[in-house]
Amino acid sequence: MVTPARPSPATPDGPEAEARARAAAFDLPFTPRIAAGDVAPELLAALPMQFARKHLVLPLAREGDGVVVAVGDPRALGPLDDLRVLYGAPIRPVVAPADALIDALNRAYDLASGSAADLMGNLEEERLDLIATELEEPRDLLEASDEAPIIRLVNSLLFQAVKDRASDIHIEPFERTLTVRFRIDGILYDVISPPKRFQPVIISRVKVMAGLDIAEKRLPQDGRIRTKVAGKDIDVRVSVIPTAYGERVVLRLLDRAATLLGLEELGLTGRNLALVERLIRQSHGIVLVTGPTGSGKTTTLYAALSTINSTERNIITIEDPIEYQLQGVGQMQVNPKIDLTFASGLRSILRQDPDVIMVGEIRDGETAEIAIQAALTGHLVFSTLHTNDSSSAVTRLVEMGTEPFLVSSSVLAVMAQRLLRRVCDRCRRVLRPSPDLLAEVGITAEQASGRSLYAGGAGCEACKQTGYRGRTGIHELLVVDDEIRGLIMKNADASAIRRAATAAGMVTLREDGASKILAGETTIEEVLRVTQDDLL
């Protein structure tokens, strides 16, 4: 229940000052803000939204034999008399600023339309383009927020994204347009472009579902939606940032019921698979996975933890965020607001007698130093690092301030990885590449002889007309042997370390991609897209 505040003589200029003055003139209580929990749902359900919007009135709670109602203008006695008849009880007005009332009305009626979980539970497949055309010109934001087509549009976007295996939904405002795109298999595709005038209400609907402040449009916000789509429990991470043409929203979708992949299912084969299976069973040391954002580093670490997870091992992780729940593994999420960082959390983990530790990311020298100390004191540490290749990870640790002798004695291996799209096996087309095109990915004519190589598919229903369906990984595994340790101790650059590793048998990302081409899993075009020439 709102705690009314009696007006004070010293008030700032603006709507709040005006509302305070009206409250003082009529000797009524005043409240500057109305929270979502202040509104009684049973009172709201009896009041038509159009009436509340027109007269700026919002029922809050029953108090004794009367009903407390927030009002914008206490001089309007007609609406208060109508409310007295509607509720069959005396009305006790509380004056609130007009902007605070509008925000509270918007949130209250949007929440009253049903929770995200309830809406998703009965959601049926609908065509997004048809729903978008059903939108009618809203009279204002409050009324539009309760229109069924708006709710159906946002819900159908979530449904369609899950159906299309999208990892992200982007709602992007531009000067005269609003664009919605899905990221599928790492590539963004346009989905619909709702009319620009519906931008505020669509974004407000997403913010309400995520529990964000719909009145705050100047600062970035992060939220979360937990819902069910087509029987699947979906965790949606919502990020909102202000841009020149309005707020931009990105929703990251995580299927909580998704099964974790094994090492072989990630694309590890041959020498790389055998080495990784040996490395993750070591008693101590650091194993690093590197690559850009969205290259599947965390998924690889989850697969490694799942492989070695047993009742004999105490495994603890610190992540940002926790993407999947691992049975039998202690998982901690960082929280910068309370100074729970990777470094501070890692210190606490070391007091928990762990055998294996996973650090979501080494971002600074402090975290790197603690991770190395943990490895040197008998713990197996898994972590990720943002570098382009495996050899650069070693020099990156040194650049963070870690002594080279500590790096050489603690790091067991570094694996760089990328994700390639798999060619659709229903509509794939046989390719007869020229020797020059084969040479670009390091394939000889002899290697290609007798094999079926493919171009991107022609497009079908299974792959949503993209020619590709699903992804696989390519990997570059650098094992720190005696020669590499010597180079690290000498502060050698990444190129020298890379040359030594390839001479010792390391398979580069481009070479691993070539093996996937020869196996018919992907295309030359796709390998060239995600890898770069080795400049040695």
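Just so you know, residue 1 is the first one in the sequence shown, and it goes up from there. Computed from a prediction, not measured in an experiment: that's the story for all the values here.
Atoms CD and CG, from Glu525 and Leu431 in turn, are 10.0 Å apart once rounded to the nearest 0.5 Å. Rounding to the nearest 0.5 Å gives a distance of 7.5 Å between CG of Leu397 and OG of Ser410. To the nearest 0.5 angstrom, Leu437 atom CG is 6.5 Å from Leu528 atom CG. With values rounded to the nearest 0.5 angstrom, Glu265 atom CD is found 10.0 Å from Thr472 atom OG1. For the atom pair Leu178 CG and Arg248 CZ, the distance stands at 11.0 Å (nearest 0.5 Å). Rounding to the nearest 0.5 angstrom, the gap separating the CG atom in Asp389 from the CG atom in Leu478 is 9.0 Å.
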Step by step, work out the side chain to side chain contact (heavy atoms under 4.5 Å, CB included) result for Met415 and Thr290. CA-CA 6 Å; Met415 184 167 70; Thr290 74; over 6 Å; no
Residue pair Ile315, Leu326: steps toward the side chain to side chain contact (heavy atoms under 4.5 Å, CB included) verdict: CA-CA 10 Å; Ile315 303 176; Leu326 296 174; over 6 Å; no
As a quick check of understanding, evaluate side chain to side chain contact (heavy atoms under 4.5 Å, CB included) for Phe342 and Glu366, giving each step before the final call. CA-CA 9 Å; Phe342 280 117; Glu366 184 182 11; over 6 Å; no
Run the side chain to side chain donor-acceptor pair (under 3.5 Å) test on Glu312 and Ser310 for me, step by step, so that the C-alpha distance in whole Å, both residues' side-chain angles and the decisive distance to 0.1 Å come before the verdict. CA-CA 5 Å; Glu312 291 85 19; Ser310 68; 3.0 Å; yes
Quick one: do Asn309 and Ser306 satisfy side chain to side chain donor-acceptor pair (under 3.5 Å)? Show the steps, please. CA-CA 5 Å; Asn309 187 15; Ser306 298; over 6 Å; no
Run the side chain to side chain donor-acceptor pair (under 3.5 Å) check on Thr522 and Tyr468 step by step: do they pass? CA-CA 9 Å; Thr522 190; Tyr468 295 90; 5.9 Å; no
Given Arg363 and Asp320, is the salt bridge (Lys or Arg N to Asp or Glu O under 4.0 Å) satisfied, shown in steps? CA-CA 12 Å; Arg363 296 177 177 172; Asp320 183 23; 3.1 Å; yes
Can Ile169 and Val250 be said to form a side chain to side chain contact (heavy atoms under 4.5 Å, CB included), step by step? CA-CA 6 Å; Ile169 302 172; Val250 174; over 6 Å; no
Derivation and outcome, salt bridge (Lys or Arg N to Asp or Glu O under 4.0 Å), residues Glu476 and Arg498: CA-CA 11 Å; Glu476 175 182 282; Arg498 185 175 181 80; 3.0 Å; yes
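Nearest heavy atoms, Gly467 versus Cys427: CA-SG, 4.3 Å. Residues Glu361 and Thr367 come closest through the heavy atom pair O-CG2, 4.2 Å. Between Ala501 and Ile484 the shortest heavy-atom distance is N-CD1, 4.0 Å. Nearest approach of Gln417 to Lys297, heavy atoms of both residues: NE2-N, 3.6 Å. Nearest heavy-atom pair across Thr523 and Gly456 is CG2-N, 3.6 Å. Ala448 and Leu518 get closest at one heavy-atom pair: CA-CD2, 4.2 Å.
Within the 4.5 Å cutoff, the side chain of Ser409 has heavy atoms near those of the Leu376 side chain. Under the 4.5 Å side-chain criterion, counting only non-hydrogen atoms from C-beta, Leu412 is not in contact with Val480. Side-chain contact check for Val441 versus Arg510: some heavy-atom pair is nearer than 4.5 Å. Between Gln160 and Leu157, every side-chain heavy-atom pair lies at or beyond the 4.5 Å cut-off. Proximity of Asp425 to Val423: side-chain heavy atoms (C-beta onward) are nowhere separated by under 4.5 Å. Put simply, the side chain of Ile524 does not reach to within 4.5 Å of the side chain of Glu440, judged on heavy atoms. Counting only heavy atoms from C-beta outward, the side chains of Val381 and Met358 never approach each other to under 4.5 Å. You'll find the side chain of Lys196 reaches within 4.5 Å of the side chain of Pro173, heavy atoms only.
With hydrogens and angles ignored, the 3.5 Å screen pairs no side-chain donor or acceptor of Asp164 with any backbone N or O of Ala166. Judged by distance alone, the side chain of Asp512 and the main-chain N or O of His475 form a donor-acceptor pair under 3.5 Å. Side chain of Thr531 to main chain of Val527: a donor-acceptor pair is present (N/O by atom type, distance under 3.5 Å, no hydrogens or angles). The main-chain N or O of Asn314 is found under 3.5 Å from a side-chain atom of Asp355 such that the two form a donor-acceptor pair. In this structure a side-chain-to-backbone donor-acceptor pair under 3.5 Å is present from Glu216 to Arg218. Arg165 places no side-chain N or O within 3.5 Å of a backbone atom of Asp185 that could act as its donor or acceptor partner. Under a 3.5 Å cut-off, the side chain of Thr307 and the backbone N or O of Ala303 do form a donor-acceptor pair. With hydrogens and angles disregarded, no donor-acceptor distance shorter than 3.5 Å links the side chain of Thr317 to the backbone of Glu319. Panel note: side chain Thr177, backbone Phe174; no donor-acceptor pair is recorded below 3.5 Å. With Thr402 contributing its side chain and Val398 its backbone, the two residues share no donor-acceptor pair below 3.5 Å.
Between the side chains of Ser344 and Thr341, at least one donor N or O lies within less than 3.5 Å of an accepting N or O.
More than 12 non-hydrogen atoms from other residues, nucleotides or ligands lie less than 6.0 angstrom from CD of Gln465. Counting heavy-atom neighbours within 6.0 Å of His386 NE2, excluding the residue itself, gives a total above 12. The environment of Arg426 atom CZ is sparse: at most 12 non-hydrogen atoms of other residues, nucleotides or ligands sit within 6.0 angstrom. For Arg271, the CZ atom sits in a packed shell: over 12 heavy atoms of surrounding residues, nucleotides or ligands are nearer than 6.0 Å.
Between Arg224 and Asp235 there is a salt bridge, since at least one side-chain N of the basic residue sits less than 4.0 Å from a carboxylate O of the acidic one.
Residues forming a ring-ring contact (aromatic ring centres under 6.0 Å, His included) with Tyr454 (at least two apart in sequence, or on another chain): none.
Each of Lys516, Arg422, Arg428 was compared with Glu521 under the salt bridge (charged side-chain N to carboxylate O under 4.0 Å, His left out) criterion, and only Arg422 meets it. Only one option out of Lys207, Gln221, Lys217, Gln199 pairs with Glu247 in a side-chain hydrogen bond (donor to acceptor under 3.5 Å, both in side chains); it is Lys207.
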